[in-house]
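Input: a single structure, listed below in structure tokens.
This chain uses plain numbering: 1 for the first residue, then up along the sequence.
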Amino acid sequence: MRVLGRSVWAELRDRAAASDPGLLRLAAGLRTVSAIVLTLVVLSLLHADVTHLVAGSMAAMVSTFAIREKPRTQQAVTLALGLPVALASVSLSALLNTRVLVGDLFFVVLIFGAVYIRRFGDRGTALGLIGFQIYFLSLFVGATTGQLPELYEAITVAFACSAVARFALVRETPAGVLARLRKAFRARLAQLLATQVDLLDAAPDDLEKTLADVREKTARLHESALMIQGQLGEGTSDEAVARLVQRRIADAEIAAERQGLLLLNLRTAERADTITMHLPGASFPAADPLPDRDEATVTLRRDLESLRLLVLRPGGLGMSTSLAQIRNRLLGYRDEENLPPASPAVQDVFRGVGETARAVLGLRIALEGPLDASDESDDSPATTRSREELDAEDAAIAAGEQGDDEDEEPADGGLRRPTTRAAVQVAVGSALAIVGGELLSSHRWYWAVLTCWIVFLNTASTGEILVKGYRRLLGTVFGVVAGIVLAGLVGQHTWTAFALVLLLIFAMFYSAPLSYTLMSFFVTAMLGLLYTLLHTYSLSVLVLRVEETALGAACGAVAAALVLPVHTDRRTNELLATALNRLAEVTEAAVEQLSGEAATDLLDLARDLDKAVADLRASTKPLTHPITPLRTRRDTAQYVVALLETCAYHARTLAATAEQLPTHPSIAADPRLGGAGRRIADNLQVIAAHVAGRPDAGEVESGSSIASLLGPEVPGSSRYGRITDRVLRHLQRLDEGVVGLARPLKVTVAEPKR
């Protein structure tokens with residue numbers, strides 16, 4: 001029973017780690033709730049009334065979630081600077097309480113400054129957010145000059161309790177976050193492998209649904225890899241360790257994605273295009289079910305399950321003999337003579353299993369440190385060779401020198417600077433919201449301003465603002481209904497209401513990265529309880545909340561569309577050109593290294609490409625949203641993003657293969673690859689130029705297959721080894737994908753030269 005309990009607990013822990021990488025959402029929710037609880041306790045001991053309990057709770061929430069810096073010393077400095085900003089903000093609000101026109105004008109100026117100060121990084125963003133939210137808080141509780149001493153006390157206590165929660169109760173260090181992210185990566189890798197087993201077993205009618213699950217799990221694994229990349233600088237002891245972890249994470253991600261593609265090829269009547277793995281709804285010719293009792297299929301299913309077990313139980317001191325045997329068997333598939341007799345498609349999957357097992361072994365060494373002698377005592381020759389390859393790669397990474405950082409491109413100045421443009425837009429939208437809000441209610445007009453402010457947070461185009469405003473309104477409508485029900489249940493039970501407020505705040509922070517609509521729902525339901533605590537609750541108040549929210553969203557949309565607008569098409573074109581240029585850089589650098597030229601920092605280039613593609617995917621959400629009426633444009637955007645993700649996968653794989661070139665015995669440089677790489681990079685630059693608005697940039701050049709560029713194969717010779725064949729396949733798919741990108745983007749494709 002004890003063993004069963006441990007296994008159930010481990011399964012739950014892995015599921016939690018996979019659903020919330022690094023437990024970042026859980027930590028944010030617990031930290032905020034802890035700060036609020038401490039504030040309520042201290043203020044209760046100081047005999048504060050309900051109004052100041054509410055003010056302290058809101059100040060504790062703001063001072064906790066506003067700070068996003070990673071180093072703890074910087075967090076402490078920002079929190080210390082935030083207190084005088086908060087006190088000044090509440091003081092000015094109380095002083096201007098009776099001067100309506102002057103107070104409104106100052107609020108608009110404050111909003112402009114709070115957005116403009118974002119240009120100074122995370123600290124500027126945090127201080128601007130604190131200044132705005134505390135001013136809003138004072139409007140919410142109706143602060144007057146006579147209440148300032150009590151408000152000062154509540155805000156000071158809130159900031160002190162926020163510090164205690166952040167630095168003592170729910171501590172979060174970069175190294176700790178990175179450690180939890182690595183566990184999440186391993187858990188998500190295991191989930192992807194489990195879904196790949198389902199892909200092997202799926203009936204023909206269930207293949208589409210199973211493939212959708214594989215796509216989702218692959219995307220989640222990629223998300224975890226990007227999150228780890230963001231933590232490597234602060235979370236590792238030195239640069240060599242960071243680069244080693246980066247390399248092993250990339251190897252495992254690429255190997256697992258390639259294994260999924262090989263399984264997909266096994267389950268289709270003909271070879272599936274790589275874009276099938278990235279385009280939702282992509283169809284493919286399904287084959288008949290695999291024979292359940294076929295020896296190769298049974299062995300493959302067993303080995304896929306064994307690979308998942310190896311990921312979940314990586315080993316360490318005292319690694320069991322059975323796990324060592326599993327590891328030896330899987331790594332043995334990297335040798336051609338150990339492949340079971342089967343069709344070429346099945347043997348390809350076995351090879352993929354062997355490469356993924358090698359990546360898992362490398363991941364374990366990178367995350368858990370050097371292995372001891374007892375761990376290597378049961379090694380087979382294949383495992384020993386894999387260890388030697390990994391050791392050689394580790395030594396090459398440790399000895400490598402980091403290239404100088406490229407000079408950053410100069411930022412736009414004046415009104416072209418994003419923070420300045422956003423500050424002007426928010427100020428204009430807020431001025432409209434103040435006027436309209438006053439017409440709806442002279443007492444609660446600030447809800448419209450808050451909505452206008454929020455729809456501009458973390459948005460960069462008019463389309464994003466429209467979608468965010470729609471989601472906030474939808475969440476508010478449902479939240480009003482929940483607020484009515486909760487307020488009726490709570491009645492005048494103060495501490496019951498506070499307990500529910502804490503629960504809703506936790507849910508708000510836990511759900512924020514997942515769904516903005518859900519977060520807005522929890523916020524509105526919480527406000528219904530706060531109105532109950534302040535004895536200002538009524539059905540008309542909550543209906544007014546919906547009206548003010550709709551007004552604020554409309555004012556934000558009008559300001560975004562008419563004042564220095566950044567149209568969604570322009571934004572996506574800029575990001576698409578950036579992604580294409582990053583893809584060209586990775587491809588050119590990887591092919592140059594595979595051709596025998598000097599080594600470059602390929603993994604950093606690959607991660608820059610991943611970030612560029614992720615930014616593009618986020619910017620196209622307004623175009624691909626279900627409510628968009630432009631169906632053709634939605635389909636085109638989905639296809640372009642999927643095709644670009646496919647090209648990025650092939651480029652990442654080429655980069656990872658090129659990184660192994662100095663140490664891997666099966667990979668040799670081939671100077672003839674250079675011409676193919678140059679053609680692909682030139683085509684990408686032509687497409688990027690057209691997207692950037694330069695139609696005279698030329699045409700995309702198509703031509704012969706990549707293999708034909710290397711010349712005819714000599715009969716009876718083994719010119720191409722398995723690794724070289726793989727490089728050629730990825731180059732060929734990348735070449736086809738780039739030419740495929742030209743068509744939906746309306747770039748002319750030249751006829752092949754004879």
Side-chain contact, heavy-atom cut-off 4.5 Å: [X] with [Y]?
X      : Y      : answer
Glu701 : Asp682 : no
Val197 : Leu263 : no
Gln246 : Asp604 : yes
Ile326 : Leu309 : yes
Thr657 : Ile254 : no
Arg652 : Asp610 : yes
Leu264 : Val214 : no
Arg385 : Leu331 : no

Open item on the list: Show, in sequence, the C-alpha distance, side-chain angles and deciding distance for Leu23 and Val177, and conclude whether the side chain to side chain contact (heavy atoms under 4.5 Å, CB included) test is met.
Closed with: CA-CA 8 Å; Leu23 302 181; Val177 172; over 6 Å; no

Under 3.5 Å: donor-acceptor pair, side chain of [X], backbone of [Y]:
X      : Y      : value
Asp213 : Thr195 : no
Arg267 : Leu200 : yes
Asp251 : Gly362 : no
Asn328 : Ala324 : yes
Glu295 : Pro341 : no
Thr620 : Arg617 : yes
Glu588 : Ala681 : no
Arg308 : Leu193 : no
Arg248 : Leu363 : no

I need the minimum non-hydrogen distance between [X] and [Y], along with the two atoms involved.
X      : Y      : answer
Ala742 : Val749 : CB-CG2, 3.8 Å
Leu741 : Leu643 : N-CD2, 3.4 Å
Val738 : Cys647 : N-SG, 3.9 Å
Ala658 : Ala590 : CB-O, 3.8 Å
Ala256 : Thr356 : N-OG1, 4.2 Å
Ala651 : Leu583 : CB-CD1, 3.6 Å

Give, for atom [atom1] of [X] and atom [atom2] of [Y], the distance between the pair rounded to the nearest 0.5 Å.
X      : Y      : atom1 : atom2 : answer
Lys209 : Asp198 : NZ    : CG    : 8.5 Å
Thr646 : Leu734 : OG1   : CG    : 10.5 Å
Arg186 : Arg364 : CZ    : CZ    : 9.0 Å
Arg329 : Asp303 : CZ    : CG    : 4.5 Å
Leu731 : Thr587 : CG    : OG1   : 8.0 Å
Gln191 : Arg220 : CD    : CZ    : 5.5 Å

Is it true that [X] and [Y] make a salt bridge, defined as a side-chain N closer than 4.0 Å to a carboxylate O?
X      : Y      : result
Glu736 : Arg733 : yes
Glu389 : Arg334 : yes
Arg387 : Asp391 : no

Of all residues at least two apart in sequence or in a different chain, which pass the side-chain contact (heavy atoms from CB on, under 4.5 Å) check with [X]?
X      : value
Asp608 : Arg582
Pro340 : Tyr333, Phe350
Gln347 : Leu339, Ala342, Arg351

Open item on the list: Could you go through Leu266 and Leu300, starting from their C-alpha distance and side-chain angles, then the distance that decides it, and tell me whether this counts as side chain to side chain contact (heavy atoms under 4.5 Å, CB included)?
Closed with: CA-CA 12 Å; Leu266 178 62; Leu300 181 57; 3.9 Å; yes

TODO: Indicate whether the side chain of Ser380 and that of Thr383 have a donor and an acceptor atom separated by less than 3.5 Å.
DONE: yes

Task: Verdict with reasoning, Lys611 to Gln229, per side chain to side chain contact (heavy atoms under 4.5 Å, CB included) - done: CA-CA 10 Å; Lys611 184 179 183 302; Gln229 175 68 21; over 6 Å; no

Task: Derivation and outcome, side chain to side chain contact (heavy atoms under 4.5 Å, CB included), residues Leu262 and Arg258 - done: CA-CA 6 Å; Leu262 293 173; Arg258 178 173 178 271; 3.7 Å; yes

TODO: Could you point out which residue of His730, Arg679, His650 forms a side-chain hydrogen bond (donor to acceptor under 3.5 Å, both in side chains) with Asp735?
DONE: Arg679

Task: Crowding at CZ, Arg25 (>12 non-hydrogen neighbours, <6.0 Å) - done: yes

